[in-house]
Amino acid sequence: MMFESKRLHISALFFRLFKILKESLWLFLSAFFVYFNIDGYEQYIFIAIGVFVIISLLYSWLSWWRFTYMVNTDGLLIEKGIFIRQKRSIAKQRIQSINFNQNILHRLLGLTELQIETAGRDMKVDAKLTSLSMTDAQAIRKLLKQFQVNDEDGNSYDYDFALERKLPKYEASYKHLFLFGSTSGGLGVLMSILFIFGLGVEEFIPEQIIDFVSSWLTAQSIITLIILSTFVLLLFWLAGVIGSVIKYGDFTVVRYEDEILITRGLWEKKQLTFPLKRIQGVVVKQNLLRLPLRFATIYLEIAGGEADQKESMRTILFPLIKKKEIAIFLAEILPEYTYMPEQVARISRRYLYLNIGLASLLTLVVGLVVWYLLSLPYLLLLVFLIPSFLYIILEYQVSGCYLNGQQLTLQSWGWLSKETILLKRPRIQAMSAYAGLIQRRLGYANIKASILNNFLGRHYLVRGIKLPEIERVQDWYSYAKKE
């Protein structure tokens, strides 16, 4: 059945049309602005919109008609292009993972999107079949994974599969997902997006509405404005929480032989598969809100595949977990990595003293200049000095490194977050240590480890490591190169 050219499901035509119309939203907003603010062009606006929709529909149909795929004994062959034909052949041996992605329309129609990733370092998937029946998608997956050690029946991994095989499995509760959304910092991101969007759409709002809202706000008391602002912030916070729950709802991670499967999403259901050989490292992250609650998020650093820019080019292995459960979680899902943060050696105390001295000196100089030029109270600089001291002390309390066989554990205090990075020696692409003259005299240096992460790479830096520990790490890594 699969050894012949086939087209995608007809719904792929409408998915493409919807994508074109969504990407042309600003064009429609411009037409809306012209319609309400410039007289005499109403009929031309409707004609232009109609022509645009018809051309988009024709383009979508031609793209669907000219797109064909075929699965054969060698792999997957895709042909596409309306005027210029493009052929793409993906060999089975190069395929790293085959993922399913279902939005709400896919699920209503019993369809799925199939994404194929190879070992390339592009930020996008290598092949995407946007609309297939589940039967066809599972058959393609079975044929393409024949050379890999997986389920011989070609079944997709799901709850039933995990229960029948008694596979190691973890599910994120909705209580934890709600807490994940509440502490994710998404409120600031959402407000920024809405602010930028507001700057853009202000030109399209009738001036009468803007004047009315401005007059109403001006007439309100301070207490009313505070209550209104609090209510708006709560709405934004709740929207961020609900968005996180929808995105990561039904989150399940399963370990099967040399693969990790992740399923997540209420509105858009994703099924992601990651071979162990693509995993470059594990990151345990606690932001400023989760740190006192003793919760953390676990990420995977993946080489190749589709990157999620919202997640800083990382893949979430588990959205929120108690810190005391991380070691047990990794022992079941990813036993190749060991979580032992209590073994991390603290950085040099001289690094702490030097930073406190430099921060105090800088505050004194700036304070004198500001006091002399602007006659401002010097105590105002405490607003900057106290957070600086807190950051320096937290960095000292958190940062360090630890060697354990084939694994290097780095721990650092980043921008309002604590990160514990677990790296395997064969996955580290480069290791460097550097120090200035003063640092070497004080007996410490900085260490940086680099790994693959799509085509950009990822670099982890820890400052203030004692020189004997630096030498141990360098000898450990140099020995790996000799092997």
### Query
What orientation do F318 and F329 show, parallel under 30°, tilted 30 to 60°, or perpendicular over 60°?
tilted
## Note on the structure
When R314, Q280, R427 are each screened for side-chain hydrogen bond (donor to acceptor under 3.5 Å, both in side chains) with E301, the one that passes is R314
### Query
In terms of ring plane angle, is the pair F15 and H106 parallel, tilted or perpendicular, where the classes change at 30° and 60°?
tilted
### Query
Can a donor-acceptor pair be found between the side chains of R278 and S97 at a distance below 3.5 Å?
yes
### Message
Just verifying a value: how many Å separate Y444 OH and L354 CG, rounded to the nearest 0.5 Å?
### Response
4.5 Å
### Query
Taking the side chain as C-beta and beyond, is there a heavy-atom pair between R264 and K269 under 4.5 Å?
no
### Query
Are any of the side-chain heavy atoms of F100 and L114 separated by less than 4.5 Å?
yes
### Query
Near I438 CD1, under 6.0 Å, is it more than 12 heavy atoms from other residues, nucleotides or ligands?
no
### Message
Less than 4.5 Å apart, side chain to side chain, heavy atoms only: is that true for I260 and L334?
### Response
yes
### Task
Please name the pair of heavy atoms, one in E469 and one in C401, separated by the smallest distance, quoted to 0.1 Å.
CG-SG, 3.4 Å
### Query
Going through the distances and angles, do S11 and S131 end up as a side chain to side chain donor-acceptor pair (under 3.5 Å)?
CA-CA 7 Å; S11 60; S131 188; 2.5 Å; yes
### Point-to-point distance, once rounded to the nearest 0.5 Å, from CG of L394 to OG of S417
11.0 Å
#### Entry: Between CG on residue L132 and CD on residue E113, distance to nearest 0.5 Å
9.0 Å
## Note on the structure
Per side-chain contact (heavy atoms from CB on, under 4.5 Å), Y170 is matched among I328, L317, T252, V254 by I328
### Message
Using 0.5 Å steps for rounding, measure from the CD1 atom of I104 to the CH2 atom of W267.
### Response
5.5 Å
### I447 side chain reached by V473 side chain, heavy atoms, under 4.5 Å
yes
